[in-house]
Colleague: 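There's a structure below that I have some questions on.
Both counts, for ligands and for their atoms, begin at 1 and track the order of listing. Fair warning: this is a prediction, and the values are worked out from it, not measured in the lab.
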Amino acid sequence: MRPYLLLTPGPLTTTETVKGTMMSDWCTWDKDYNEGIVEVIRRGLVDMASSRPEEYTAVLMQGSGTFCVEAALGSVVGADDHLLVAANGAYGKRMGVIADYYKLNCRMMKFDETVAVSPEAVSKYLDEHGEVTHVAVVHCETTTGVLNPLDEIARVVKAHGKTLIVDAMSSFGGVPIDMASLGIDILISSANKCIQGVPGFGFVIARRALLEKCKGVARSLSLDLYDQWETMEKGHGKWRFTSPTHVVRAFMQAMNELDEEGGVRARHARYCENHRVLVEGMRSLGYNTLLPDEWQSPVITSFYYPSAGFDFAAFYQALKAKGFVIYPGKISQADTFRIGSIGDVCPDDFRRLVEAVGEL
Ligand SMILES: *Cc1c(COP(=O)(O)O)cnc(C)c1O
């Protein structure tokens, strides 16, 4: 069931036990599924996300992570609101594309892909633009692996009294985040990233008092976050339309395994160690990282091509034959490839990877 390890930003390598739970069928509107699985997940997500769980609520949504980003922006930012997106990579830019589709009042604040979003620049912009109502930012920009300084960005946004929307797709569950203490209003992530489930749905964790005011804002039926939430609340775990039952059951198992590992802090420590072994090993072979260490997340790492004539396609195939699947780069200004350190992978896997790269 594991032809190779996925060292990618998702879908990830998952455990046999997570995959094994998908071998049974569930009824999408039966209590065993709604209350025994969906509601358990919703409560678990809120407990994981916030030290004050009573102030927050979780909505699950069919589709990949982008569906949830779109559902959140399209259901929370109203026609008279003004959105500021601080972007330093493809996922930040994608939020701008969604805003365009929905004809939101949106300003993009673009940073270079190789630097972190600057809280000072966001602060200055907010000082000068009182019309802004919402600020959206990506926590870990998976494009490069930059971990944006969420604490400081949140402090600035909250000091200006704005609503804060965070795409924490590739960090939630693998990097500690407390929505309550940071004042985050909306957080978005998906099943197949750091919680180590399989792909098929995403989720939005929202400040309850804010979501309650979003009735009728959505411009899309399928992606109406409020309506999906209301149905889940009133129906105790009911989805509006067919839910990915097997995937949801697997996600509950993945959440249990995260607990057994010791929670988000323990998982973060494993990812950090994976990343340390990877970077030390690759540097010892002469590979350089794109980012300075201060901005680097433990989630995914970009490496420069080692030489001008480097054949990435051949490198990729040779590593795949040795049991490792890596990822191409995603930026225009430099030739890079990426290696993810999240999923059911451990430091020994990265020792073997470095050995395999050394043999090529
Ligand atoms: C994975 C990811 C997404 C969602 O991508 P999908 O392909 O729609 O699942 C969004 N933002 C970030 C930062 C991501 O890493």
Colleague: Suppose we screen for ring-ring contact (aromatic ring centres under 6.0 Å, His included). Which residues come up paired with Phe315, at least two apart in sequence or across chains?
Modeller: Phe310, Phe337
Colleague: Near Asp167, which atoms of ligand 1 are under 4.0 Å from a heavy atom of that residue?
Modeller: 10 (C), 11 (N), 12 (C), 13 (C)
Colleague: Will you find, in the side chains of Tyr226 and Glu212, an N or O donor that is under 3.5 Å from an N or O acceptor?
Modeller: no
Colleague: Check the hydrophobic clustering (I, L, V, M, F, W, Y; side-chain heavy atoms under 4.5 Å; chains of links allowed) and say if Leu5 and Val325 are grouped together.
Modeller: yes
Colleague: Heavy-atom contacts with Thr66 under 4.0 Å: which atoms of ligand 1 show up? List them by number with element.
Modeller: 4 (C), 5 (O), 6 (P), 8 (O)
Colleague: Does Lys213 have any salt bridge (charged side-chain N to carboxylate O under 4.0 Å, His left out) partners at least two apart in sequence or in another chain, and if so, which?
Modeller: none
Colleague: Show which atoms of ligand 1 fall inside a sub-4.0 Å distance from at least one heavy-atom site of Ser170.
Modeller: 15 (O)
Colleague: Measure from the side-chain N and O atoms of Thr14 to the backbone N and O of Gly197, and report whether any donor-acceptor pair falls under 3.5 Å.
Modeller: no
Colleague: Within the 4.0 Å heavy-atom shell around Cys140, which atoms of ligand 1 are there?
Modeller: 13 (C)
Colleague: Name the closest protein heavy atom to atom 3 (C) of ligand 1, giving the residue it belongs to and the distance to 0.1 Å.
Modeller: Met169 CG, 3.4 Å
Colleague: Side chain, backbone, both or neither: which applies to Pro9 and ligand 1 if a contact is any heavy-atom pair less than 4.0 Å apart?
Modeller: neither
Colleague: With the side chain counted from C-beta on, respond yes when Arg240 and Asp227 share a heavy-atom pair under 4.5 Å apart, and no when they do not.
Modeller: yes
Colleague: Please confirm whether Gly202 approaches ligand 1 to less than 4.0 Å, judged on its heavy atoms.
Modeller: no
Colleague: Considering only protein heavy atoms, which is closest to atom 15 (O) of ligand 1, and at what distance to one decimal place?
Modeller: Thr142 OG1, 2.4 Å
Colleague: N/O to N/O below 3.5 Å, does that happen between Gly65 and ligand 1?
Modeller: yes
Colleague: Which of the numbered atoms in ligand 1 are below 4.0 angstrom from a heavy atom of Val138?
Modeller: 13 (C)
Colleague: How are the rings of Phe203 and Phe251 set relative to one another: parallel (under 30°), tilted (30 to 60°) or perpendicular (over 60°)?
Modeller: tilted
Colleague: Any side-chain donor-acceptor pair under 3.5 Å between Trp229 and Thr231?
Modeller: no
Colleague: Within a distance under 4.0 Å of any heavy atom of Lys193, pick out the atoms of ligand 1 and give their elements.
Modeller: 1 (C), 2 (C), 3 (C), 14 (C), 15 (O)
Colleague: Name the option, out of Ser190, Gly340, Gly63, Ser64, that contains the heavy atom nearest to atom 6 (P) of ligand 1.
Modeller: Ser64
